[in-house]
Amino acid sequence: MFSKILVPIDGSDNSFRALDAALLLSEKLGAKITAIHVMEEIPVLHIQSEKLLRELLDAYKKERQVILTKCVKEATGKGISIDTKLLHGNAGSIILDFCEKEKYDIIVMGSRGMGRFRELVLGSVSNKIVHHSTCPVMIVR
Ligand SMILES: Nc1ncnc2c1ncn2[C@@H]1O[C@H](COP(=O)(O)OP(=O)(O)O)[C@@H](O)[C@H]1O
Ligand SMILES: [Mg+2]
């Protein structure tokens with residue numbers, strides 16, 4: 001039933017705990033894992049130099065890629081090979097679309113992420129996915 005697992009990763013401890021849970025599921029069920037990171041728009045309106053803008057965006061992309069490399073390392077350490085995907089746009093929408101298009105069986109994600117307002121149980125991305133996903137969602141705290 002759960003042969004393809006999608007793990008949205010934002011670099012937060014919660015998201016890495018979600019990866020750990022997914023790795024455990026993968027070990028037990030032989031499921032394939034994809035760790036996905038969505039690069040959100042960064043406010044660069046006030047930068048006029050195209051060169052500086054390009055350098056900044058390149059550095060941002062590299063930084064985001066490191067998050068996914070960390071996932072691969074963690075999985076490899078447990079003898080599991082995983083796929084990674086780096087996309088950009090609105091995180092919630094992109095994850096939902098990718099999940100549906102690639103027919104994942106379950107999404108395993110953190111309850112909260114890098115956001116600063118800690119009083120809510122779910123963050124905006126996890127909230128959106130719990131509400132709109134057509135496949136099961138496992139929320140890891
Ligand atoms: N940009 C992103 N790319 C991939 N996954 C994400 C992204 N942002 C959040 N997530 C996933 O959603 C979970 C909850 O994060 P989020 O809803 O953004 O909470 P917060 O408001 O605390 O940042 C994270 O643990 C992670 O699994
Ligand atoms: Mg967030």
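Numbers here are sequence positions counted from 1. Just follow the structure's listing: the first ligand is 1, and inside any ligand the first atom is 1. Keep in mind that the numbers below use all heavy atoms, side chains included, and drop hydrogens, waters and symmetry copies. Note that this is a predicted model, so its numbers are computed, not measured.
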So ring pair (Phe, Tyr, Trp, His ring centres under 6.0 Å) across residues 85-110, not counting sequence neighbours, yields Phe98-Tyr104
(request) Kindly check if the number of other-residue, nucleotide or ligand heavy atoms within 6.0 Å of NZ (Lys4) is above 12? (result) yes
Common cluster, Leu96/Ile94, ILVMFWY with side-chain heavy-atom separation under 4.5 Å: yes
Note: ligand 1 atoms sitting under 4.0 Å from heavy atoms of Gly113 are 14 (C), 15 (O), 16 (P), 19 (O), 20 (P), 22 (O), 23 (O)
Under a 4.5 Å cut-off applied to non-hydrogen side-chain atoms, are Thr34 and Ile82 in contact? no
Apart from Val66 itself, members of its ILVMFWY cluster (side-chain separation under 4.5 Å) are none
closest protein heavy atom to atom 11 (C) of ligand 1 is Met109 CE, 3.7 Å
Counting only heavy atoms not in Met138, do more than 12 sit closer than 6.0 Å to its CE atom? no
Ser15 heavy atoms within 4.0 Å reach ligand 1 at atoms 25 (O), 26 (C), 27 (O)
A student checking ligand 1 against Ser12 at a 4.0 Å heavy-atom cut-off should list atoms 25 (O)
_Contact between Pro8 and Ser15 at the side-chain level, heavy atoms closer than 4.5 Å - yes or no?_
no
If we number the atoms of ligand 1 from 1 as shown, the ones under 4.0 Å from a heavy atom of Ser124 are 17 (O), 21 (O)
Margin query: Is any side-chain heavy atom of Arg64 closer than 4.5 Å to one of Val38?
Written below: no
The atoms of ligand 1 lying under 4.0 Å from a heavy atom of His37, numbered in the order shown, are 1 (N), 3 (N), 4 (C)
Numbered in order shown, the ligand 1 atoms found under 4.0 Å of a heavy atom of Met114 are 23 (O)
Is Ala18 close enough to touch ligand 1? Criterion: a residue heavy atom under 4.0 Å from a ligand atom. no
Note: ligand 1 atoms sitting under 4.0 Å from heavy atoms of Ile36 are 4 (C)
Atom 6 (C) of ligand 1 sits nearest the protein heavy atom Asp10 CB, 3.7 Å
The reported gap from CG in Asn127 to OG in Ser111 (rounded to nearest 0.5 angstrom) is 11.5 Å
N or O contact, Gly115 vs ligand 1, cut-off under 3.5 Å: yes
Answer yes if the side chains of Lys128 and Ser93 hold a donor-acceptor pair under 3.5 Å, and no otherwise.
yes
Mind checking whether Gly110 has an N or O less than 3.5 Å away from an N or O of ligand 1? yes
Taking only non-hydrogen atoms of Ala91 and a 4.0 Å limit, the atoms of ligand 1 in range are 1 (N), 2 (C)
Practice prompt. Say whether Met39 and Val44 are linked into one hydrophobic cluster, either directly or through other cluster members, by side-chain heavy-atom distances under 4.5 angstrom.
Written response: yes
Worksheet item: Do ligand 1 and Ser126 have nitrogen or oxygen atoms that lie under 3.5 Å from each other?
Response: yes
Among non-hydrogen protein atoms, atom 26 (C) of ligand 1 lies closest to Pro8 O, 3.4 Å
min-distance protein heavy atom vs atom 3 (N) of ligand 1 -> Val38 N, 3.0 Å
Q. Does any N or O atom in Arg112 lie less than 3.5 angstrom from one in ligand 1, N or O only?
A. yes
Among Val7, Val125, Ile9, the residue with a heavy atom nearest to atom 4 (C) of ligand 1 is Ile9
When only distance counts, is Ser111 in polar contact with ligand 1, meaning an N/O pair under 3.5 Å?
no
Notebook entry, point to check: For Ile129 and Met109, what are the C-alpha separation, side-chain angles and deciding distance, and is it a side-chain contact (heavy atoms from CB on, under 4.5 Å)?
Noted result: CA-CA 9 Å; Ile129 287 175; Met109 68 190 303; 3.8 Å; yes
